[in-house]
Amino acid sequence: MDVSPILDNLNDAQRQAVSAPAGNQLILAGAGSGKTRVLVHRIAWLIQVEKVSPYAILAVTFTNKAAREMRGRIEELLGLNPKGMWVGTFHGIAHRLLKAHWQDAKLPKNFQILDSDDQLRLIKRVHQALQLDEEQWPAKQSQWFINHQKDEGLRPQYIQTNGDLHQETMVRVYAAYEEACQRGGLVDFGELLLRAHELWLNNPRLLEHYQERFPFVLVDEFQDTNTIQYAWLQVLSGGKCAVTAVGDDDQSIYGWRGAKIENIQRFHQDFPGADVVKLEQNYRSTANILNAANAVIENNSGRLGKTLRTDGDDGEKVSLYAGFNEQDEARFIVERIEDWQRKGNKLETTAILYRSNAQSRILEEALLREAVPYRIYGGQRFYERLEIKNALAYMRLIINRNDDAAFERVVNTPTRGIGSKTVDGIRLFAREHGCAMWDAASQMVTNKGLTPRAAGSVNGFLELVNELDNQSSDLSLDKIASMAVNSTGLLEFHQKEKGEKGQARIENLQELLNACRSFVPGNEELTPLEEFLDGAALDAGEAQADEFEDAVQLMTLHSAKGLEFPLVFMAGVEEGLFPHRMSAEEPGRMEEERRLCYVGITRAMEKLYISYAESRRMYGSETFNTVSRFVKEIPDNLIEEVRLKSTVSRPVRYGAKNAPKLVGGGNKVAGRLSDGGGDTGLRLGQRVSHPTFGEGVVLHFEGNKIQLNFKDVGTKWLIAGAKLDPI
DNA sequence: AAGATAGTCGTTTTT
DNA sequence: CGACTATCTT
């Protein structure tokens, strides 16, 4: 066997990790140290050198993106897709297990996945049923409580309340919620993991089967595992199979979501004989950037201790800019980006990172003023959009009438004369009879439990869904989806929504149909419809728009994890904002903020700018902050302070923010000669909507032409007579 | 059942 | 300040 393709081009530590003898191993992989590479090569090694069957390997990640990437790279390296290999997210794999063993898991065959939005709605209803005052008992809080308990692997009956009213109420809500889920055949994200864990504990034979099937388990981003995920792995391994954990304690930034950094430290105890390999060679950043990162993270205690090094050049120093205010900071960043672009670099090589989403607006405005295209990551995901969820709800009802979440969502969408009073009645009936709302509705129709008018409408709805179901049995997925969008009147309903919103919703629905058309089923156990719906719930579908346009990337520090960019800006690096004031009290949380800073710095390959604003408008009032402690932790010799070139910075005269808002629906701004806008009724920075191009912003006026930047189609020049409505 | 209006609250978000 | 919600109007 020629092992060279697998081991060539790896450094010593990487090679050691890849070719280690079978057994538990912990790979501590620093930022930019080729973590995924090692993971993928390890798998290739097992298959090609150790002759392990691909069936015997289980690889677990956190995100779908990571799972996809791993699959792709395995395929690339091995030259084929190792079919039968299990590569997926914790949730995806748990789901797969529950689907395969639904009876043992005590679930209906066609159970549905509840996303956090559905979950919250359901909890609200539970609150109502328990007659909890919304003021005193926010549903959000219960949601947090329930999810937290599930993350910790706790069922309501095992939670100690000690007679505390708050605790007791939360447990009551949890128990009632659980009942509602069970009745509706609904499973939330936490439940997937918890059930999968219990599935094994309660079925030793099944567990044994999987332990034998998967002698090799690999886990990515191990520092992000929570209690239940860790327990699940521990049970699976049973001390028998070899677990490879790859992670970086310094990049643990999801503690607030239940991730336990301790898991990576505990690994030795629970997975005996673990081989530890540290990947400390960084292939990403210049020495100056790396040393800055090292200097910052050194201030954390209890680290497993890794120090990244590089063979590369020192590179440029880290630049620090003290903005006079947030506008000035944003202006500075945009100027630097324009410089960078002038030097022949693509915009997509640069990223602006910030602690909180609220910071993006001011940056966007500055970019807009200079007509620099940008793209924001994060925000609402495709399958979470209202119109998409509506369509999916119909599809869900087709396969499961007990899905109350779906029922409530579309029973009156599009509006068909079923008001809140009727729905309340149905809900009450369902609660009293312990049945699903669907059954409640149909019983109430037959038993004359409704006013004649309501009965007619409700019956219409029931028949509509039944009809969809009847027709769907021998239709392809995209035909079914098309029915769910068209025959239900959903499309028409959203079409009627005025303005840009309706337009976007229509497009999204089209996109949904496209997705259905190109969906390739891969599971014989399930109908394509079932498979598609499960996929939609587990993969929120991040792919959105504008891949083709060269644009600056804006995102939070959290979403930047795992990415890299030649030029990086970290904005708003001020005490109170970063580290965030909410994290100030507890040392543990402060350390997590520091790790977040470490993540941010190590995203940069060639050049890093750190900036802050001496004064910043927050929540409407002006605040004065000092530079972040993290900046002070970087040695002076690695930093270079940027001074203002000219004493007077260009005044910001206009822009979306400062310009007065239009009042009333009129599209004329009488008498306003705004910055060359002439008599178009428009001004720079004005948000407008166009019938075909959608929502956009005015960038420039030149002669009788207007340059606009549209959300969806980018920048365009239009003539002054174009049909543009201010919004 | 859509539209206006007053009140609220304000990190980060893999599934 | 401004986005989002809950509530009140018509």
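This structure is a prediction, so every number in the text was calculated from the model and none was measured. All chains are named by letter (A, B, ...) in the order of the sequence lines, taking the proteins before the strands, and each is independently numbered beginning at 1.
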What residues 583-596 of chain A contributes to the DNA chain B interface at heavy-atom separation below 4.0 Å is A/Ser583, A/Arg589, A/Glu593
With a 4.0 Å cutoff (strictly under), does any side-chain N or O of A/Ser559 reach OP1 or OP2 of B/dT12? no
Go through the structure and list residues passing side-chain contact (heavy atoms from CB on, under 4.5 Å) with A/Glu592, not counting sequence neighbours. A/Trp256, A/Arg595
Would you say A/Asn64 reaches B/dT15's phosphate, i.e. side-chain N/O to OP1/OP2 under 4.0 Å? yes
Taking only residues two or more places apart in sequence or in another chain, which ones pass side-chain hydrogen bond (donor to acceptor under 3.5 Å, both in side chains) with A/Asp248? A/Gln251, A/Lys306
Short side-chain N/O contact from A/Asn357 to OP1 or OP2 of B/dT11, under 4.0 Å: no
Roughly how far apart, to the nearest Å, are C/dT5 and B/dT12 at atom P? 15 Å
Separation between CD (A/Gln128) and CG (A/Asp424), nearest 0.5 Å, reads 6.5 Å
Can you list everything that forms a side-chain contact (heavy atoms from CB on, under 4.5 Å) with A/Ala537? Sequence neighbours excluded, please. A/Ile113
Kindly indicate whether the side chain of A/His91 and the base of B/dT15 share any N or O donor-acceptor pair separated by less than 3.5 Å? yes
Of all residues at least two apart in sequence or in a different chain, which pass the side-chain contact (heavy atoms from CB on, under 4.5 Å) check with A/Ala351? A/Leu353, A/Gln553, A/Phe565
Taking 4.0 Å as the cut-off, does a side-chain nitrogen or oxygen of A/Tyr619 come that near to OP1 or OP2 on B/dT11? yes
What does A/Phe578 touch in the nucleic acid at a heavy-atom separation under 4.0 angstrom: a base, only the sugar-phosphate, or nothing? nothing
Interatomic distance, A/Asn226 CG vs B/dT14 P [rounded to whole Å]: 15 Å
Please evaluate the base of B/dT15 for a donor-acceptor partner in the side chain of A/Arg257 within a cut-off of under 3.5 Å? yes
Distance check, P atoms only: B/dT13 and C/dC4, in whole angstrom units. 15 Å
Please name all residues satisfying side-chain contact (heavy atoms from CB on, under 4.5 Å) with A/Pro414, sequence neighbours left out, ordered by chain then number. A/Tyr394, A/Arg416, A/Leu490, A/Phe493
Within the structure, does a side-chain N or O atom of A/Arg361 lie under 4.0 Å from either OP1 or OP2 of C/dC1? no
